[in-house]
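One structure below.
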Amino acid sequence: MSGANFMKLSFASRSENESFARVAVAAFVSQLDPTLNELTDIKTVVSEAVTNCIIHGYDNDPNGIVTIAAEIEGDTVRITVEDEGAGIADLEQARQPLYTSKPELERSGMGFTIMENFMDEVDVTSAPGAGTKIRMVKRIESKKALYN
Amino acid sequence: MSGANFMKLSFASRSENESFARVAVAAFVSQLDPTLNELTDIKTVVSEAVTNCIIHGYDNDPNGIVTIAAEIEGDTVRITVEDEGAGIADLEQARQPLYTSKPELERSGMGFTIMENFMDEVDVTSAPGAGTKIRMVKRIESKKALYN
Amino acid sequence: MSLQMELEHGRKALIVRLKGELDHHTADVVKSRMEDAIVSGDVRNVILSLRDLSFMDSSGLGVILGRYKQITAKGGKMVVCDVSPAVYRLFELSGLFKIVSVQENEKSAISSLEAV
Amino acid sequence: MSLQMELEHGRKALIVRLKGELDHHTADVVKSRMEDAIVSGDVRNVILSLRDLSFMDSSGLGVILGRYKQITAKGGKMVVCDVSPAVYRLFELSGLFKIVSVQENEKSAISSLEAV
Ligand SMILES: Nc1ncnc2c1ncn2[C@@H]1O[C@H](COP(=O)(O)OP(=O)(O)O)[C@@H](O)[C@H]1O
Ligand SMILES: Nc1ncnc2c1ncn2[C@@H]1O[C@H](COP(=O)(O)OP(=O)(O)O)[C@@H](O)[C@H]1O
């Protein structure tokens, strides 16, 4: 392999695309021969981030666009999930476990906490009216073990 | 549902992405609740078109970009697969069953024939040096049956 | 659809079995069907079986917590059973396993309701 | 890897079992491993079992046709067995089923070689 492998995926902000998005990213990452647990982690964080774009970023308006980029380099996968929606005013508050701005929608407020726990790095860029971009990094252990 | 659902996917022209591409498109199309046969058809034509971009469009250079767009409207899925590679000089010849410009790579020359047989419409735009774009349309029967 | 639901009105509890993927998209139908069953039926307790659940994210936590609140407000109990390691991890992270009773399978879930 | 290969040197034939997905990406390894086995080993015929093949496209047709040519050049035969309806359709479209013998399973593939 020369250099990094990458993909970029954009789709309508419809909830029926949540499942599609996590399957697509999982299929891409499976090139690294991850364990089932690692694959579940990846699916879960993609689901969290994409759901947030749809619910919070676009307030359930199906006319927004969600963009995912993924890059594989060595044993590391980098994933960004991005919307051009509402943005987040108070990032520190947003990242608190159990904090949600939409309790009426039965949100658990656990999305960011799950991303932080399942990935090695999570970095959020956001500003009100300017959308939100989540960058996540995870090293895939199975491949590493192979090279030891 | 209001309007059409869509997705757009770009990735490096590496053969390891062939499997990823067909899984991603199949996951998107599965919203239409296709039969297993229909899903296999879709996977196969995506595999054919993407493989052609990689082998013929980019001559196996992994630095090219393959782009897939898919749109679901009613019971119909529209898929385009596109490269910015070599292009095709003689389209009529290229679409002949069993014709291949790379017999040394054990190509069967059946890619276009399969696309034409498995999809309802196939339309190719190409010019030497200007890349190739395949547009394919398929109506998903299972959904239609449901509405009858 | 990527989620199937089976509702069984047992003597002690409404048994809800989920099959497939529970995310934001599918949580709506889980919410409304369980809500309706709890409100309209003579339901004292709820057993939620996740044996055939192949995926769940935090939207699942939300809908489970919502039904937990609903049934406890009626004086009932909620037991979740057949929880996969992946789902258990979400329960741990969110602290849900501290408030919702988790049992190994439907049988022990039923016994746990009888024991009290 | 998305394709696994099993090679068994039988009395009458080299038996090759493919499992997983046969596309352009995985065709290379199928080509080189079968090529090596046919060239180096004392192989008279080839039986290719597709029982556990979950996907195949026209790159698979190419690699099968290539091995067919290789073994027939040595005076041998090639039999393909356990062909799914989807793969059979590709065989039909390409006319491959007219030149390569297709048998139901390994057993009948072996008998078909003995019969001649
Ligand atoms: N893409 C986004 N756009 C706007 N706001 C967001 C976005 N993602 C998260 N947020 C904000 O951060 C809060 C916490 O997110 P999260 O931890 O995923 O919990 P939940 O989605 O359950 O509310 C959300 O309630 C919302 O206010
Ligand atoms: N994306 C493409 N870019 C350039 N040439 C192409 C492309 N797709 C197809 N072709 C040309 O059309 C021919 C026939 O394609 P196809 O029927 O798929 O057979 P095969 O891929 O087995 O050669 C190819 O051999 C090639 O010359």
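Values below: every heavy atom of this structure, side chains too, minus hydrogens, waters and symmetry copies. In the text below, chain A, chain B and the rest are named by the order of the sequence lines, each starting its count at 1.
In this structure, the portion of A:L98 lying under 4.5 Å from any heavy atom of chain C is its side chain and not its backbone. Within the 4.5 angstrom heavy-atom criterion, no atom of C:L65 approaches chain A. For chain C, the nearby part of A:D41 is the side chain; its heavy atoms alone come within less than 4.5 Å. The contact between A:I54 and chain C is made entirely by side chain atoms (from C-beta outward), counting heavy-atom distances below 4.5 Å. With a 4.5 Å cut-off on non-hydrogen atoms, C:K69 does not touch chain A at all. Proximity to chain C is limited to the side chain of A:N60, based on heavy atoms less than 4.5 angstrom apart. Looking at A:L105, there are no atoms closer than 4.5 Å to chain C (heavy atoms on both sides), in backbone or side chain.
Using a 4.0 Å cut-off between charged side-chain N and carboxylate O, C:D23 and A:K43 make no salt bridge.
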| message | Set out, in order, the CA-CA distance, both residues' side-chain angles and the distance that settles side chain to side chain contact (heavy atoms under 4.5 Å, CB included) for A:I114 and C:D57, then state yes or no. | response | CA-CA 9 Å; A:I114 288 169; C:D57 64 14; 5.9 Å; no
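Sparse packing is recorded around NZ of A:K8, with 12 or fewer heavy atoms of other residues, nucleotides or ligands lying under 6.0 Å away. Under a cut-off of 6.0 angstrom, the local environment of CZ in A:R78 is sparse, with at most 12 non-hydrogen atoms contributed by other residues, nucleotides or ligands.
Side chain to side chain, C:H24 and A:E18 meet the donor-acceptor criterion of an N or O pair below 3.5 Å.
Of the possible donor and acceptor atoms, one in the side chain of A:S108 sits under 3.5 Å from a partner among the backbone N and O of C:S58.
Looking at every heavy atom in both residues, A:R107 comes nearest to C:S59 through NH1-OG, 3.0 Å.
The shortest distance between side-chain heavy atoms of A:S19 and C:E21 falls below 4.5 Å.
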